[in-house]
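Taking it in order: structure first as structure tokens, then the write-up.
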Amino acid sequence: MTSTEIKLIDTHTHLYLDRFDDDREKMMVRCFESGIDTMLLPNINLESVPRVLDMMMKWPNACYGMMGLHPCYVKEDWEKELESIMARLDSPPEGFDFVAVGEIGLDLYWDKKFKTEQSQAFLTQVGMAKERGLPIVIHVRDAWNELFTLMDQVNDDNLRGVFHCFTGGLKEATRALDYGGFLLGIGGVSTYKNGGLDKVLPSIPLESLVLETDSPYLSPAPHRGKRNESSYLIHIAKKVAEIKGVSLEEVASVTNEIAVRMFGLKVK
Ligand SMILES: [Zn+2]
């Protein structure tokens, strides 16, 4: 099997953003040619909702949407915005389903002003995911302790999901996986020299990992610094294979199976 025959699932990619408006069709062709045949699109705010829907309908066999309010967009009026987003979650276009509530979480890196509101929005969205039997996709930046405190309150057998763009240490990885229903999303940081994941991943079973690009951010080496796109996922898969000391084929088959199960995707 050559690497071009490897199929991979990008579990977190914002291909609907305006960064791709000029060349989205060509970019999607590059993704398909690179074996990236499934892309999960996390919503960020009310404005991005129609963009996520457009891609789901244009590429129904490849693009799956999520609905949620990203912590960086939680402001004074978060309840109103979330209400509109969740109305959409409950009324997907005919024949479609959303695969997760995401992305949600805490981000105290950019702005601490709405810390309380971020926590409230997170807990509200966790409740909505539980009611609907959907997984959650968690974004956490500079807020591990705060997030774990919230997770300790709400975790139960009905809650499952992904800690997306995982960049914590072994302590955080262990605590996240101890919740029982959670996976770590591994992205471009795994390819960075001082990314630190080479020290964490050897202790984590492959069965606890899914792959993601988080496009257009965090391009993996050798594309670091440029706009990221889902076709670059192959570099992340190769790095994970190298760190884990397993074949690329094994990384692909295990992480694909885990992603299909977590998000209830169609098996291709
Ligand atoms: Zn994201």
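These numbers come from the heavy atoms of this one structure, side chains and all, not from hydrogens, waters or symmetry mates. Order of listing sets the numbers, starting from 1, for every ligand and every atom in it.
- Aromatic ring pairs are classed by plane angle as parallel below 30°, tilted from 30° to 60° and perpendicular above 60°; the pair His12 and His14 is perpendicular.
- Among the atoms of Cys165, none of the N, O or S atoms falls under 2.8 Å from the Zn ion (ligand 1).
- The angle that His12 NE2 and His14 NE2 make at the Zn ion (ligand 1), rounded to 10°, works out to 100°.
- Defined by atom type and a distance below 3.5 Å, a donor-acceptor pair is present between the side-chain atoms of Asp152 and Tyr179.
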* Asked: Given the rule in the ring pair (Phe, Tyr, Trp, His ring centres under 6.0 Å) test, do Phe166 and Trp144 qualify, once you have shown the distances and angles that lead to the verdict?
  -> CA-CA 11 Å; Phe166 182 82; Trp144 278 112; 5.6 Å; yes
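- The N, O or S atom of Glu103 lying closest to the Zn ion (ligand 1) is OE2.
- Under a 3.5 Å cut-off, the side chain of Glu81 and the backbone N or O of Leu46 do form a donor-acceptor pair.
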